[in-house]
Amino acid sequence: MGKNRSTLIPFGLAGIGVLGLAGWSAWAGRKAEERVPADGRFVDVDGARLHIVELGPKDATGPAIVMIHGLMAQLRNFSHSLAGRLAKDHRVILVDRPGWGHSHLTGPRPDLARQGQMIGQLIETLGLRKPLVVGHSMGGAVSLALATERPELPGALALIAPLTQAVERPPAVFRGLMAPPGVREALAWTIAVPMAVAFGKRGAEAVFAPDPVPADFATAGGGALSARASAYRMGSFEIRMAERAMPPLVARYGEIRIPVSILYGRQDALLDPTLHGERTVAEIAGGKLTLVDGGHMLPLTHPDETEAWLRETLADMA
């Protein structure tokens, strides 16, 4: 009996360790949400309760602007340096994508097509007429899904460093997200959050490279919210989902009839401007590509150039 007890001790200690990590991860998640609280209001769509922030005059004469963030991100990526500039004379709506930031899923985790439909439902609910839809990184793929799923809703797409093509291997900084279902849940509540906290600075530097990370990115840029179990779960889902969802989306680019403009940093360290920029504008009728010096996080690091490009896109819409 004594031998059996000694055999069980390691399992008991392992269980205590797992519970301890889960408890610490939950605490760290709450602290992140205290540092980056919800800024706006919530809108229910089929399958999600979306957190949105509305800026600018509702009676602005120009097109409204809907801004959709990327992987492991949230809407403060836009409000940090860019959205306020546009809100001087445009109605601007920032949205936490389903399962990100302060948005909550009320149904299954959505693929790109379903997310596009959700954004379309949000546009309808808010009564927006032909808005300019701005998508950054994975938000670019969601914007393109909107243009194929609900082509009557957006007036134009402005895609910043977008994911637009299938990628065989994800960027190195995101390879830790490649856990399969089941394993992803275990990792989310054990080592994912401690690793995100321990190596968050290094990860942010890889995402922003070669540009510097803003000193207030964790709070004003929403970066702290990536260090939560929910962010790991959603990131792990999306990076695998995109492998399956991108090829059928790319196959529909020939259907797109609204203006599509793409902005890329020449030194983008995450996504290849040639693959995701040049190839894509060649596949979309009238697609336009603009290159500037900079990395992947242009809305935060190069707001002057990004605003100027967006205003050119708005002028073309008029």
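Residue numbers count from 1 along this sequence.
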Between Ala179 and Ser236 the two heavy atoms that sit nearest each other are O-OG, 3.1 Å

Kindly give the heavy-atom pair with the smallest separation between Ile93 and Glu54, and that separation in Å.
->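 Closest approach of Ile93 to Glu54: CG1-CG, 4.2 Å.
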
Taking everything shown except Met195 itself, do over 12 heavy atoms lie less than 6.0 Å from its CE?
-> no

Do other residues, nucleotides or ligands put more than 12 heavy atoms under 6.0 Å from Arg202 CZ?
-> no

Main-chain N/O of [Y] paired to [X] side chain as donor or acceptor, under 3.5 Å:
X	Y	value
Arg257	Gly254	yes
Asp96	His102	yes
Asp44	Arg49	no
Arg228	Leu225	yes

Same cluster (ILVMFWY, side-chain, under 4.5 Å), Leu146 and Ile262 |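 Hydrophobic grouping puts Leu146 with Ile262.
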
Connected via hydrophobic side-chain network under 4.5 Å: Leu310 and Met297 | no

Between Asp59 and Arg91, is the closest basic N to carboxylate O distance under 4.0 Å?
->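 Salt bridge flag = no for Asp59 with Arg91.
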
So among His80, His296, His69, which one has a ring pair (Phe, Tyr, Trp, His ring centres under 6.0 Å) with His136?
->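 The option that passes is His296.
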
